[in-house]
Participant: 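Quick one: structure below, then a few questions.
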Number of protein chains: 2
Amino acid sequence: MEDVAKLAGVSISTVSHVVNETRPVAATTRDRVLAAIETTGYTGNAIARSLVTGGTKSIGVAMSLLANPHLPQLLHAIEAEATAAGYTVLLGDTLDTEDGERAAVRKLQARRVDGMLLTPAPGDTSTLEQLARTGVPAVLVDRVSHKIKLDQVGPENIQSTSTLVQHLAAAGHRRIAFISGVEWMSASEERTLGYRLGLGRAGLRWDSNLVAGGGATHEDGVLAMRRLLTVPERPTAVISGNGAMTAGAYREARAHGLDIGRDMAIVGHDDVDWAELVTPAITTMTHPVDEIGRTAVRLLLARLDDPERPPETTLLHPTLIHRGSCGCA
Amino acid sequence: MEDVAKLAGVSISTVSHVVNETRPVAATTRDRVLAAIETTGYTGNAIARSLVTGGTKSIGVAMSLLANPHLPQLLHAIEAEATAAGYTVLLGDTLDTEDGERAAVRKLQARRVDGMLLTPAPGDTSTLEQLARTGVPAVLVDRVSHKIKLDQVGPENIQSTSTLVQHLAAAGHRRIAFISGVEWMSASEERTLGYRLGLGRAGLRWDSNLVAGGGATHEDGVLAMRRLLTVPERPTAVISGNGAMTAGAYREARAHGLDIGRDMAIVGHDDVDWAELVTPAITTMTHPVDEIGRTAVRLLLARLDDPERPPETTLLHPTLIHRGSCGCA
DNA sequence: ATGGTTCCCGCAAGCGTTTGCTCAGACGAG
DNA sequence: CTCGTCTGAGCAAACGCTTGCGGGAACCAT
């Protein structure tokens, strides 16, 4: 910067003002400075800037890099939105454990990020408290909970699952089963709730035999489907609580010789990338992942702008992607 | 920090030395400082530290967040290895375009990362030159090129494709086709090379009718397979150049009523997550993604440690995941 | 001419750490 | 008792930038 100033024949403060457009500079002077910057290849030192301004223009993203099925899309959306606002993204892997989360958050804090996007690990609370205590603005992504007074963004689960039920009911199904997710996740609870809600709206009765699960993996889906196929008056349609389990259920149904779409309708949540590669392609509720990412960043920036604004929870509605596995049409 | 010093009744320089263990401090003094740190809740300011030390203990990762099929695994490995060494990961999305790449690299440089991991966008060179010019240590990940004098890590393509050919030949196939990737990627060239090499080793003749492609998407795979199915004396086995095309080829073959594994063997590269969800499951060469990520970080750290060491290119060998789609067994 | 405005721009004080120098005191040896 | 050695700790100068304050030149109206 000193070199630039010297080359342009001005003081470094003028260079600073030119770079930041922080006070009017005579056109000719500005041009000279700009030229000097060009020839010296000067790149501002964000570190030094941060030291004096107090902000780092960076946000931390703490989530499980492996457990999130939408990570690429989500990160892409976050990165784009952040970059557009002049922010950089720092990564922290929570490993989906309390300890990992604590470590990730600490690390990000030590880096003095201006704010954080966090997908909390199961069972956690202490980290959230620490966040609140240290006053680092944060918004919770994807795993939403009403008992927390923080900004949050996530998919809407109740109505969307209900939609799934109603869609199947409209196609004539009367025995609609549900493969539920792991219990500690509020998303699972909500989807289960939505299932019941949908049944009610469709005028169908809840039958505990038609609910299987409590898992999240491919294998869990296999087992759940296996069990559902043994219940008397077996279901003609199955709704799966998450992407991986949908795959397992799908395989298992086919392994039993069922023609998916005809003998058995299968629909799921989470639009995984292979959903349309299998035959029949899977009908799912697809999450507005991009929108979630962007909204999260926007919420964070809004809070950075006005720390006093009341916490806000945004639920984004999944949309039904109608493909072959539900058998209608 | 000043508060800590005051509270402990020492100078801030002593506090610094206690924190960094950078010079012996009398036990009693140290204890007092430590206690003071505890009660004040002091957390070192990484920003200020960076300003004076010149290093940021951070590395930039510049790649296409969307185009890389292994992003989660790769990022996870990178993050873990970096964190273990006390480094933080900054993200930059190249969008897989020259402009995006340039912007990402610039941004990361402005953040003064100590080094970068880069998956270069197609056709790029200018960014690499700039990197070299500005002297920011970098290692190229996944997309390797021999004409570049930088540290590089990526999958080995020639031998591994050859292995695929030989595997099929050993199962009795004589008409083995190849769906090649896009031309500008060195990985594609290498795989094509490996295909020819494998043919040679298996004592088979190269037949230009059996090479289709020049793409990367699902649709490209569909078209390539469609064409292959029209050649006289049609192939009994197909090797696909990348994951998405494998899916397309698979679908198209099945759409033609072929029983994959019996009528037609299909094997591919890139072990995508749905490879074992389809029936028959797909035999593929799976890339050692974790290893690639870890190695990349290690290479970078080594260079940070000794900037003068000669550039090194590490090729990691994919391994054959034997599943049903090749029909042998 | 002269006082008052307006425009531009330079000065210098930090921002929170690290670190080379320096120094005071304690202790042994001569 | 003096001097050389250590050990332990403080001083102050950077690091590269932002920004409040102040000053000089040019211009206008009187």
Side-chain angles (χ1 to χ4, degrees), chain A residues 1-37 40-58 86-88 107-114 134-136, chain B residues 1-37 40-58 86 88 106-114 134-136:
Chain A
M1 191 164 187
E2 199 181 326
D3 298 342
V4 175
K6 205 156 292 175
L7 211 167
V10 298
S11 72
I12 66 170
S13 64
T14 298
V15 175
S16 171
H17 288 302
V18 168
V19 172
N20 305 325
E21 299 182 343
T22 176
R23 108 177 152 189
V25 172
T28 74
T29 312
R30 179 183 19 245
D31 290 346
R32 249 182 311 136
V33 173
L34 257 18
I37 286 180
T40 56
Y42 166 79
T43 330
N45 183 329
I47 301 295
R49 186 197 325 270
S50 291
L51 184 56
V52 31
T53 60
T56 55
K57 286 289 183 182
S58 68
Y87 283 73
T88 299
K107 170 169 123 173
L108 259 14
Q109 285 191 154
R111 294 285 176 177
R112 292 294 193 270
V113 292
D114 289 341
T134 55
V136 178
Chain B
M1 192 163 187
E2 196 181 328
D3 298 342
V4 175
K6 206 156 291 175
L7 212 167
V10 298
S11 71
I12 65 171
S13 63
T14 298
V15 175
S16 172
H17 285 120
V18 167
V19 172
N20 305 325
E21 300 183 343
T22 174
R23 105 178 154 188
V25 173
T28 73
T29 313
R30 181 187 11 251
D31 290 348
R32 249 181 313 134
V33 173
L34 257 18
I37 286 180
T40 56
Y42 165 80
T43 329
N45 183 329
I47 301 295
R49 187 196 324 270
S50 291
L51 184 56
V52 32
T53 59
T56 55
K57 286 289 183 183
S58 68
T88 300
R106 249 206 239 300
K107 171 169 123 175
L108 259 14
Q109 284 191 153
R111 293 289 179 178
R112 292 297 191 268
V113 293
D114 289 342
T134 55
V136 178

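Below, read A as the first sequence line, B as the second, and so on, with proteins coming before strands; counting in each chain starts at 1.
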Participant: First and last nucleotide of DNA chain D in contact with chain B, 5' to 3', at under 4.0 Å to a heavy atom: what are they?
Facilitator: D:dG8 to D:dG16
Participant: Do A:R111 and A:T56 come close enough that some side-chain heavy atom pair is under 4.5 Å?
Facilitator: no
Participant: Within the 4.0 Å heavy-atom criterion, would you say B:T29 contacts the bases, only the backbone, or no part of the nucleic acid?
Facilitator: sugar-phosphate
Participant: From the options A:V15, A:T14, A:V18, select the one residue that forms a side-chain contact (heavy atoms from CB on, under 4.5 Å) with A:T29.
Facilitator: A:T14
Participant: Output the rounded distance in Å from CG (B:N45) to P (C:dG14).
Facilitator: 18 Å
Participant: Closest nucleotide of DNA chain D for B:A48 versus for B:R32: which of these residues is on the 5' side?
Facilitator: B:R32
Participant: Go nucleotide by nucleotide along DNA chain C from the 5' end; which of A:V52 and A:S13 gets its closest nucleotide reached first?
Facilitator: A:S13
Participant: Evaluate the side-chain proximity of A:V33 to A:V25: yes if any heavy-atom separation is below 4.5 Å, no if none is.
Facilitator: no
Participant: Can you find a pair of side-chain heavy atoms, one from B:R112 and one from A:N45, that are under 4.5 Å apart?
Facilitator: yes
Participant: Which whole-number value in Å describes the distance from A:E2 CD to C:dG10 P?
Facilitator: 14 Å
Participant: CD1 of B:I12 versus P of C:dC15: gap in Å, rounded?
Facilitator: 11 Å
Participant: CD of B:E21 versus C1' of C:dT18: gap in Å, rounded?
Facilitator: 15 Å
Participant: To the nearest Å, give me how far apart CZ (B:R23) and C1' (C:dG20) are.
Facilitator: 10 Å
Participant: What I'd like to find out is whether the side chain of B:M1 reaches to under 4.5 Å of the side chain of B:V19, using heavy atoms alone.
Facilitator: no
Participant: Indicate yes or no: at least one non-hydrogen side-chain atom of A:T134 is less than 4.5 angstrom from one of B:T43.
Facilitator: no
Participant: Could you tell me how far apart A:R30 (CZ) and C:dC7 (C1') are, to the nearest whole angstrom?
Facilitator: 13 Å
Participant: Is a side-chain N or O of A:S58 found less than 3.5 angstrom from the main chain of A:Y87, in a donor-acceptor match?
Facilitator: no
Participant: In whole angstrom, give the distance that lies between atom CG of A:L51 and atom C1' of C:dG14.
Facilitator: 9 Å
Participant: Strictly below 4.0 Å: does A:T14 bring a side-chain N or O up to OP1 or OP2 of C:dG10?
Facilitator: yes
Participant: Nearest whole angstrom, please: distance from the P of C:dC21 to the NE2 of B:H17.
Facilitator: 13 Å
